[in-house]
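This report refers to the structure that appears directly beneath it.
Below, read A as the first sequence line, B as the second, and so on, with proteins coming before strands; counting in each chain starts at 1.
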Amino acid sequence: MRRLGSALAVVAVFAAGVLLHAWLASQVAAHRITGGEAGIECIGRGSTHVVYLHGIDSLGPSWQELENRQTIARLAEELDLAVAVPRASRPCPSPSSRCWADDTLSAIRTAARHCFGTPATVGAVAFSNGAFALGAAYQRCQATELAWVALGGGGAVGDGIAADLTGCGRIAIAMGTNDRHHRHFATDFVAALRARHARVELVEFDGGHRFDYAAMHAVLASLVGKR
Amino acid sequence: MRRGWLVFGALGVVATVLAWIPIVRAIAGGYLFAYPPLAHLQLAIGVLSLVPCLALSRAMQAHLAHAHAAPGGRILASRMLASWCASLAMLLTGAPGMLFVEPRIALLALATVVALQHVVQWKLVGMARATRASWLLVSLAGITPPIANTIFALAFAY
């Protein structure tokens with residue numbers, strides 16, 4: 001009985017530790033994100049300038065976003081890209097995470113200036129939450145300053161889509177066929193863009209919600225003219 | 001051989017396999033160091049995930065099981081301290097970006113937590129129990145990311 005009580009006490013302390021540490025970490029992260037702590041990484045030294053927008057992320061990159069950056073670095077090497085990686089400076093509805101908001105295009109400009117000086121044009125590639133934010137800018141025809149737009153695991157559609165997207169630039173979307181929470185956004189988005197004469201391409205791959213190397217390679221190679 | 005050691009050691013083996021799959025794939029593809037922060041974290045976790053596998057060794061079991069007697073209150077305090085620090089160690093490697101903009105700093109934080117708790121445990125219940133607690137912390141820190149990332153990937157990415 002005494003051993004059981006001791007074991008239960010240890011388990012209770014562990015559970016309390018998990019909850020308290022996670023809560024404290026989220027409070028610190030929320031404070032630092034709300035305080036505008038961001039930062040821009042520059043990956044690759046290629047001749048084509050690109051800005052990458054991450055998905056919902058923590059204060060620093062999560063394991064998934066670290067893998068996305070590895071994919072970005074591989075793509076940069078393979079396709080001769082130089083990639084600027086800004087960090088969203090706005091808290092998500094859950095304030096310990098970073099999300100993109102209506103400052104997406106200004107974040108792209110700032111990141112491009114930081115990594116490339118004053119480039120003639122940049123393309124933009126985005127994943128998940130970043131893809132929804134960038135897709136929203138594209139569908140309003142606000143992304144015309146970008147050479148092209150590439151989205152992974154996201155789309156947009158909702159309020160505010162321009163009647164005609166003829167002159168609004170090129171866009172390509174990579175979407176996993178098993179991405180049950182996001183795929184319909186992409187298919188609806190592509191249908192809406194095609195109905196409005198946008199230059200849009202959809203690349204589907206066998207997988208879920210991920211920044212798939214092969215699919216993003218196909219998308220980017222098409223957009224930068226290396227296919 | 002005690003069943004608890006076997007289960008923990010087997011969990012370590014599973015975590016080690018899961019931790020090394022992306023490393024081996026990256027080495028085969030020639031892109032392990034394409035993004036150094038990830039490579040450094042992956043390699044560190046790959047090494048840490050080997051630590052719980054030691055539980056399968058009889059010699060290590062004998063070493064870990066050997067502990068000097070201590071007052072009951074101190075032993076309970078030692079276990080609670082280890083338990084508290086284990087939850088922190090698992091958070092540090094399971095979500096290294098949650099506290100740090102540069103996620104590799106989480107490894108330094110983990111080393112600090114393990115070292116500090118080792119010293120406190122040493123003073124509290126002696127070196128043998130301190131070593132066992134530190135081994136447990138490092139093991140849990142090594143097991144957490146491969147298991148958590150695999151569950152996440154199976155749920156969302158594949």
Side-chain angles (χ1 to χ4, degrees), chain A residues 2 5-7 9-22 24-26 28-29 32 37-39 41 43-44 57-78 87 96-97 153 176 178-182 206-213, chain B residues 22 25-26 29-42 45 72-73 75-106 109 113 133 136 140 144-146 148-150 152-158:
Chain A
R2 196 172 164 183
S6 166
V10 169
V11 170
V13 168
F14 177 77
V18 169
L19 292 174
L20 186 68
H21 290 139
L24 281 174
S26 67
V28 171
R32 292 176 70 179
E37 188 168 324
E41 284 181 87
I43 298 174
D57 205 4
S58 44
L59 176 68
S62 62
W63 280 102
Q64 186 188 33
E65 272 302 327
L66 286 166
E67 287 173 15
N68 289 357
R69 281 157 172 72
Q70 184 186 56
T71 302
I72 281 290
R74 291 172 66 194
L75 291 167
E77 175 77 24
E78 188 76 18
R87 317 224 55 217
S96 59
S97 303
N178 301 330
D179 191 343
R180 56 190 177 279
H181 299 301
H182 302 89
D206 182 21
H209 192 58
R210 67 170 188 251
F211 195 66
D212 185 76
Y213 172 76
Chain B
R25 285 178 63 185
Y31 59 86
L32 179 62
F33 287 100
Y35 187 66
L38 177 63
H40 296 154
L41 278 168
Q42 281 180 326
I45 297 301
I75 290 177
L76 183 60
S78 155
R79 286 179 177 163
M80 287 187 166
L81 176 63
S83 188
W84 185 263
C85 292
S87 67
L88 181 55
M90 290 169 76
L91 178 73
L92 284 171
T93 54
M98 195 166 176
L99 270 174
F100 303 104
V101 173
E102 162 55 86
R104 287 173 291 189
I105 293 176
V113 168
L136 181 71
L140 290 172
T144 303
N149 289 343
T150 302
F152 179 85
L154 290 175
F156 297 107
Y158 290 96

- prompt: Hey, does the side chain of B:R79 reach the backbone of A:A7 with a donor-acceptor pair shorter than 3.5 angstrom?
  reply: no

At a heavy-atom separation under 4.5 Å, does [X] approach chain B through its side chain, its backbone, both, or neither?
| X | answer |
| --- | --- |
| A:L24 | neither |
| A:Q64 | side chain |
| A:Q70 | both |
| A:S96 | neither |
| A:V18 | both |

field: Region of B:F152 in contact with chain A, defined by heavy-atom distances below 4.5 Å
entry: side chain

Nearest-0.5 Å distance, [atom1] of residue [X] to [atom2] of residue [Y]:
| X | Y | atom1 | atom2 | value |
| --- | --- | --- | --- | --- |
| B:W84 | A:L20 | CH2 | CG | 4.5 Å |
| A:H21 | B:M98 | NE2 | CE | 11.5 Å |
| B:Y35 | A:N68 | OH | CG | 10.5 Å |

Residue pair B:A34 / A:A73: nearest heavy atoms and the distance that separates them: O-CB, 3.4 Å

- prompt: What closest approach, in Å, do B:P145 and A:W63 show between heavy atoms, and which atom pair accounts for it?
  reply: CB-CZ2, 3.9 Å

